[in-house]
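One structure is given here, and the rest of the page talks about it.
We name chains A, B, ... by the order of the sequence lines, and we start the count at 1 in each one. From a predicted model like this one, the values you see are computed outputs, not experimental measurements.
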Amino acid sequence: MIDINLIRTQPELVKAAVKNKNEKADISRILQLDQQYRDVLKEVEALRSQKNTASEEIGRLKKEKKDASEILAKMKSIAERQKTLENSLEPIKTSLDELLKWVPNIPDNDVPAGPDASGNQLVKTYGEKKVFDFAPKPHYDIAENLGLADFKRAAKIAGASFILFTGHGAMLERALINFMLDLHVHQHKYTEISPPYLANPACMFGTGQLPKLEEDMYKIPKDEFYLNPTAEVPLTNIHRDEILDLNQLPIYYTAYTACFRREAGAYGKDTRGFVRVHQFDKVELVKFAHPEKSAEEHEKLLADAEEVLQMLGLHYRVVKLCTGDMSFASAKTYDIELWAPGMDRWLEVSSCSNFRDFQARRANIRFRDQDGKVKFAHTLNGSGVALPRLVIAILENCQQKDGSVKLPELLAPYTNGIIEFKS
RNA sequence: GGAGGGUUGGCCGAGUGGUUGAUGGCGCCGGUUUUGAAAACCGGUGUAGGGGUUCACCUCUACCGUGGGUUCAAAUCCUACACCCUCCGCCA
């Protein structure tokens, strides 16, 4: 949610953001409704004020055992007028709120304008493409040959686009999760959380999944829950409707969870392998920061995610998303993409965003500042990192000519010393 | 699933129809005292929205889990719902 005052004072700025983010919120209509709302509100409040004064008067008269029937009769007509006005106020407020839900966050000044991924900016590249003296295989062939996953039987259980990791494949998932959590908890000082895998609509609205991404989530209608599409939802909502102490900030949370996405509209895309699936594991990083510190915390968050890949010795690049490729709620986003030589393409494994006060407004997450005033906190999050794609990169980068896979040494403590997968 | 209890300001906790935005305590801010700190004492301290003088001031409105209702008037009465706690049952 953005500040309605920003829409009032700088409508052109907001309109530009809507356009650049390929959204369609109707700012002119919002301004019109807002004005209408305030006009009617003024009248309603005047009537309420009148009524309050009269009520006090009645109370006093009754106490003195005097007759109040005259003023009582007058109140009757005022009450009626108030009722009608209030009734006309309600639909205005409802449609105004509905429209406001669809206004995206304003991109930061240093975010490039662009229509889609083609407008993204390369920030940095780490490492180099590995040179093979044979044709590197895609991960799905490697996984099948080494018995790391079973695609056919996965479909038997839940349908297409679900992964059934088997044997060493399942172990590798678990090892990577533990490796990443250890790094973030012990080196980067995040507090480890193990949250519920589903959340209520208020949470989904708070982080900005609702209303826009309704179709992308799995819903449990009977109990009004959604399966979390990312741990960002439960982690950020931990402090929904709270006023934090200044000395609590910044707060760092990390969690491993499964993530569930319907991937509506992506049918037929990336159908083979682990690239796009309905359920995947992810280690997530979430921060709550003071508004003056969020930009700095954003850079640190990115570095925390990058370190995972650096330690694993993987080749990656960081891109700054342009306006058209950013999410609805984000003010600035960096994506980290891993190089997958078998598929000969870059794979997004992390998205690190600063939401500024956008989510905080929706979720009502505030803090008491030095000056004693209550202000909205800034929220940030990033994947640290997403799993199946990390597994893809490891399998494809670490494959040997003979078809085996040799894992990075530092994973040995997490795999009972097993660092080589052979058929 | 059954039975009962609860939900009040940053926190704890009073309050069952008429200056109650709400006693009190804690916390926080300012002051007195002190070489300094602590303690003690004094004073201040809610949020959101609207309107005006315009960032420090004034004023109006709303807010005591949420939504409806009764009433001139509701934290206080009625009603539906949500959440929390306790006990019993069932189950990992």
Side-chain angles (χ1 to χ4, degrees), chain A residues 1-10 30-100 194-206 210 220-226 234 237-249 251 288 290-292 357 360-377:
Chain A
M1 199 89 84
I2 68 167
D3 189 351
I4 180 97
N5 261 311
L6 190 67
I7 302 181
R8 284 176 194 154
T9 54
Q10 301 187 64
I30 286 174
L31 283 169
Q32 194 186 339
L33 280 170
D34 179 51
Q35 189 57 53
Q36 202 183 339
Y37 174 74
R38 284 191 287 171
D39 289 344
V40 181
L41 185 67
K42 217 194 288 190
E43 274 189 74
V44 169
E45 291 194 341
L47 285 174
R48 280 182 189 157
S49 178
Q50 257 185 70
K51 206 175 70 173
N52 287 342
T53 318
S55 283
E56 266 175 53
E57 179 70 20
I58 291 167
R60 198 163 52 239
L61 288 174
K62 292 240 164 165
K63 214 177 242 171
E64 294 168 11
K65 306 260 188 218
K66 287 183 183 161
D67 179 46
S69 55
E70 193 183 322
I71 190 164
L72 230 76
K74 217 171 95 190
M75 281 325 302
K76 209 93 180 174
S77 67
I78 290 179
E80 257 169 56
R81 255 183 65 211
Q82 184 202 335
K83 198 93 184 173
T84 2
L85 265 182
E86 272 176 0
N87 286 342
S88 71
L89 197 62
E90 202 173 299
I92 300 171
K93 181 79 172 127
T94 310
S95 29
L96 183 59
D97 287 345
E98 185 53 35
L99 288 176
L100 281 172
S194 181
Y197 278 19
L198 36 72
N200 60 31
C203 291
M204 293 302 171
F205 176 76
L210 286 179
I220 302 167
K222 192 168 182 182
D223 296 295
E224 270 284 315
F225 286 128
Y226 295 88
N237 277 283
I238 287 174
H239 294 298
R240 181 157 53 88
D241 289 324
E242 286 186 21
I243 296 176
L244 304 163
D245 283 338
L246 184 61
N247 58 25
Q248 279 181 274
L249 299 177
I251 296 172
F288 300 81
H290 189 284
E292 282 165 18
D357 63 2
R361 277 177 195 283
R362 296 186 148 225
N364 199 28
I365 301 164
R366 300 174 296 173
F367 73 100
R368 197 172 294 279
D369 207 352
Q370 199 80 56
D371 57 11
K373 292 218 168 105
V374 175
K375 297 172 185 169
F376 288 107

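- Side-chain contact check for N200(A) versus Y226(A): every heavy-atom pair is 4.5 Å or farther apart.
- Nearest heavy atoms, S95(A) versus P91(A): OG-O, 2.7 Å.
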Could you pull out the protein-nucleic contacts involving nucleotides 65-72 of chain B (nitrogen or oxygen on both sides, under 3.5 Å)?
residue	atom	partner	partner atom	Å
C72(B)	O2'	S55(A)	OG	3.3

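- To the nearest angstrom, C1' of U61(B) lies 11 Å from CD of E86(A).
- A 3.5 Å limit on both hydrogen-bonding distances identifies U45(B) as the Watson-Crick or G-U partner of G27(B).
- Here D3(A) pairs with R361(A) under the salt bridge (charged side-chain N to carboxylate O under 4.0 Å, His left out) rule; sequence neighbours left out.
- In this structure, CG of N364(A) is placed 13 Å from P of G9(B), rounded to the nearest angstrom.
- Here the separation of C64(B) from C11(B), taken at their P atoms, is 15 Å to the nearest Å.
- Pair assignment for C64(B) gives none, since no Watson-Crick or G-U wobble pairing has each distance under 3.5 Å.
- To the nearest whole angstrom, the two P atoms, one in A62(B) and one in A75(B), are 10 Å apart.
- A sub-4.0 Å separation between OP1 or OP2 of G50(B) and a side-chain N or O of R8(A) is present.
- U86(B): Watson-Crick or G-U partner is A3(B), with both key distances under 3.5 Å.
- Base pairing annotation: U33(B) forms no Watson-Crick or G-U wobble pair, as no partner gives both donor-acceptor distances under 3.5 Å.
- A donor atom on one side chain and an acceptor atom on the other are found under 3.5 Å apart for Q35(A) and D39(A).
- Here the C1' atom of nucleotide C63(B) and the CD atom of E45(A) are 13 Å apart, to the nearest Å.
- Partners of A54(A) under the side chain to side chain contact (heavy atoms under 4.5 Å, CB included) rule, at least two apart in sequence or in another chain, are I71(A), M75(A).
- Under the rule for a side chain to side chain contact (heavy atoms under 4.5 Å, CB included), the partners of S88(A) that lie at least two apart in sequence or sit in another chain are V40(A), L85(A).
- Taking the side chain to side chain contact (heavy atoms under 4.5 Å, CB included) definition, one finds that R81(A) meets it with L47(A), sequence neighbours left out.
- L100(A) and M1(A) make their closest contact through O-SD, 4.0 Å (heavy atoms, listed as atom of the first residue, atom of the second, distance).
- C57(B) and A39(B) are spaced 37 Å apart, taking the C1' atom of each and rounding to whole Å.
- What separates CG of L246(A) from C1' of C29(B) is a distance of 14 Å, to the nearest Å.
- C63(B) sits 15 Å from G9(B) when the P atoms are compared, rounded to a whole Å.
- Nucleotides G65(B) and U71(B) place their P atoms 23 Å apart, quoted to the nearest Å.
- Of the side-chain N and O atoms in N52(A), one or more sit less than 4.0 angstrom from OP1 or OP2 of A62(B).
- Taking atom P on both G6(B) and U23(B), the two are 23 Å apart, rounded to the nearest angstrom.
- Within the shown strands, nothing qualifies as a pairing partner of A56(B) under the Watson-Crick or G-U definition with both distances less than 3.5 Å.
- Rounded to an integer number of Å, the gap from I92(A) CD1 to G50(B) C1' is 14 Å.
- Across all strands shown, U20(B) remains unpaired; no Watson-Crick or G-U wobble contact has both distances below 3.5 Å.
- Distance, L41(A) CG to C60(B) P: 15 Å, rounded to whole Å.
- Contact check, R368(A) against C28(B): no side-chain N or O comes under 4.0 Å of OP1 or OP2.
- Here the separation of U59(B) from U45(B), taken at their P atoms, is 14 Å to the nearest Å.
- Nucleotide G49(B) holds its P atom 13 Å from the CG atom of D97(A), rounded to whole Å.
- For the pair I71(A) CD1 and A73(B) C1', the computed distance is 12 Å after rounding to whole Å.
- Spacing of C1' atoms, U47(B) relative to U8(B), comes out at 14 Å, to the nearest Å.
- Sorted by first and then second residue, the salt bridge (Lys or Arg N to Asp or Glu O under 4.0 Å) pairs involving residues 237-246 of chain A (not counting sequence neighbours) form an empty list.
- Position along RNA chain B of the nearest nucleotide to R60(A) versus R366(A) favours R60(A) as the more 5'-ward residue.
- You won't find any donor-acceptor pair under 3.5 Å spanning the side chain of E242(A) and the base of G10(B), going by distance alone.
- For Q50(A) and N5(A), each mapped to the nucleotide of RNA chain B holding its nearest heavy atom, the one lying further toward the 5' end belongs to N5(A).
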